[in-house]
Amino acid sequence: MIYLDNNATTMPSARCRDAMIQAIDELWHNPSSMYRAGQAAKRAVELGRASIAKLINGQPKELVFCGCGTCSIHTAMNGAVVTHREVEHPNIITTQIEHPAVRYLSKQVGERMGVETRWLPATKGGRIDASALAKTIDENTILVSVQWANNETGVIHPIAELGRICREKGVTFHVDGVQWVGKMPTNVGTGNATELGPANDDDAGQWIDMLSFAAHKFHGPKGIGVLWIRKGTKFAPSSPGTQELGRRGGTENVPGILGMAAASEEAFEFLSDPSKMKNMAAHRDWFERRVLELVPGAVVNAPADPKHRVWNTTNIAFPRLEAEVLLLMLSERGVCASAGSACSSGSLEPSPVLLAMGIPPELAHGSVRFSICRDTDPGCLEEAAQTVAACVKQLSGAIPV
Ligand code: PLP
């Protein structure tokens, strides 16, 4: 199998697996229990928290463990709505190209909780334009939520510029970092990073108030995510309890936390050497060029500037093809990839993200996402490109959209 769907999830690393097994065998007591075994589990959770905080250069106490990326996003957004109940006609601002975790909740917040949702458009290259935010934000805005990197295209948004606007207006800025953290250097700037470690190219992290991320996108386990909340940010828990300093109730997922901690340490090591990321970007670029060479008419859905792309993702449109059919055929031949399309009630809808980027429906219908990881064997990419080309050739003309 050639696995090119790492934006969906990644394979847990051996270190992650070992840490989780050890936690299941030896640290299964409740971290809130007074006796020694419970306190040992608590100590392990706190050590794990410190490793995860180091990945983003944050303070351990600013981390709130959540069930997954979606859960972290919902904790942030629901928390903002609860916090700002005094605002009479509140609005939140998000974008048309968010992951469903943000999109669906933003709609629901509007419909059920009487909060207006304002949707920022994307440019042709799939980025959010900061000037659109400047025009949309007002005194009733209680939250701005924007993804750091897009899950379908790998496009990176101007987080520093967006965050600066929010800070000037005194509006909480939440960032969905699920496709960013662990893959790209992150520095929220509240930690004590003295050693040479991850640092942003720009100072984006400094402008973020709340950051969501999930372990399973960087070789950690599923079912564990984090909401990082900058000290001093107004936040009301939507799931109150005694754990997590009162910000989220529920017994801690000790194996999940320790698996995430192990994955964070490995991600930190990977990110500390920028040549590793550059190397993987070169493999992604090579694969992309090879597919374009082998499949006439194929186009990459991406911004022109390579600085605006995460190193692991490419989204390629195959004109006049239905992506789902291509994906099934690829799967039969051992290549795993995915489409941004959703199949709802029997009708195949093109990806709203690609449509919002201005990609015509006939191209959006035939767009496929390929995402590598730091462990992808470059040697398999020629075979993957050849398989894609063979499948497209076989399907071309046979199945009209
Ligand atoms: N946000 C983005 C950008 C994602 O890509 C994903 C998952 O693919 C999520 C949020 C949701 O994360 P989870 O699947 O851990 O709930």
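Whatever order the structure lists ligands and atoms in, that order sets their numbers, starting from 1. Count residues from 1 along the sequence. Reckoned from all heavy atoms, side chains included, excluding hydrogens, waters and symmetry mates.
- Annotation: the span from S338 atom OG to R369 atom CZ amounts to 3.5 Å, rounded to 0.5 Å.
- Across E98, H216, R103, H99, heavy-atom proximity to atom 6 (C) of ligand 1 is greatest for H99.
- By the 3.5 Å distance cut-off applied to N or O atoms, Q179 is counted among the residues near ligand 1.
- Heavy-atom proximity to atom 11 (C) of ligand 1, evaluated over N151, I224, T9, T70, is greatest for T70.
- Numbered from 1 in the order shown, with element, the atoms of ligand 1 that lie under 4.0 Å from a heavy atom of K217 read 7 (C), 8 (O).
- Residue, atom and distance of the protein heavy atom nearest to atom 1 (N) of ligand 1 are D176 OD2, 2.6 Å.
- Within a 6.0 Å sphere centred on CH2 of W286, heavy atoms belonging to other residues, nucleotides or ligands number more than 12.
- E98 and S145 share no side-chain donor-acceptor pair at under 3.5 Å.
- Close approach to A214 involves these atoms of ligand 1, each under 4.0 Å from a residue heavy atom: 15 (O).
- For ligand 1, the atoms sitting less than 4.0 Å from at least one non-hydrogen atom of C68 are 15 (O), 16 (O), numbered in the order shown with element in parentheses.
- Within a 6.0 Å radius of CZ in R17, no more than 12 heavy atoms belonging to other residues, nucleotides or ligands are found.
- By the criterion of a heavy-atom distance under 4.0 Å, neither the backbone nor the side chain of N150 is placed next to ligand 1.
- When heavy-atom distances to ligand 1 are checked against a 4.0 Å cut-off, K222 has no atom that comes that close, whether in backbone or side chain.
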Please step through side-chain hydrogen bond (donor to acceptor under 3.5 Å, both in side chains) for the pair E62 and T190, ending with a clear verdict. CA-CA 9 Å; E62 294 170 322; T190 58; 2.6 Å; yes

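- Among T153, N151, N7, N150, the one residue that satisfies the side-chain hydrogen bond (donor to acceptor under 3.5 Å, both in side chains) test with T313 is N7.
- If you run side-chain hydrogen bond (donor to acceptor under 3.5 Å, both in side chains) between N91 and each of T141, N140, T117, only T141 comes through.
- An N or O contact shorter than 3.5 Å is missing between A149 and ligand 1 by distance.
- The closest approach between any non-hydrogen atom of I73 and ligand 1 is below 4.0 Å.
- For E269, the CD atom is densely surrounded, since the number of other residues' heavy atoms within 6.0 Å is greater than 12.
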